[in-house]
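Structure, as structure tokens:
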Amino acid sequence: TSTSSILFCFSRSITRGTMALRAPDGLLASYVNLGELDRLLERHRGGQIDATDRIWRLLNIQIWGDVFLNGDRERWQGLMPEAEAAHTAV
């Protein structure tokens, strides 16, 4: 899977993913200033900046924490169906 196809899937799921970044029980909750996170997301959505890479990194940290530290895979089921289908086809 190329980075561009991953980012395409990510952009289609950005709303659900960014909402999960603010999860009070997620890994980021105790490390990220939520006001700054909201500001970053708002500026990205408004086209003022391209924060795709930063958001992608934060989302990966959150997913990793949920899956490997908390054992919570369900939160992320169906987030990127295209990527899941491609992975299953291999």
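Here the straight-line distance linking atom CG of Asp72 with atom CD1 of Ile63 works out to 11.5 Å at 0.5 Å rounding. Atom CG in Leu40 sits 9.5 Å away from atom CZ in Arg45 (nearest 0.5 Å). Remark: His44 NE2 to Asp53 CG distance equals 10.0 Å, nearest 0.5 Å. Interatomic distance, CG of Leu37 versus CZ of Arg22, reported as 6.5 Å (0.5 Å rounding). Atom CD1 of Ile61 and atom CH2 of Trp56 lie 12.5 Å apart (nearest 0.5 Å).
Looking at heavy atoms from C-beta onward, Val32 lies out of side-chain contact with Leu21 at the 4.5 angstrom threshold. When side chains are defined from C-beta on, Arg39 does not count as touching Glu42, because their heavy atoms never get closer than 4.5 Å. Between Asp66 and Leu27, the closest side-chain pair of non-hydrogen atoms is not below 4.5 Å.
Counting all heavy atoms, side chain and backbone alike, Ala29 lies closest to Pro24 at CB-O, 3.4 Å. Taking all atoms of both residues into account, the shortest heavy-atom contact from Leu58 to Leu28 is O-CD1, 3.5 Å. In this structure, Gln62 and Ala23 approach most closely via the heavy-atom pair NE2-CB, 4.0 Å.
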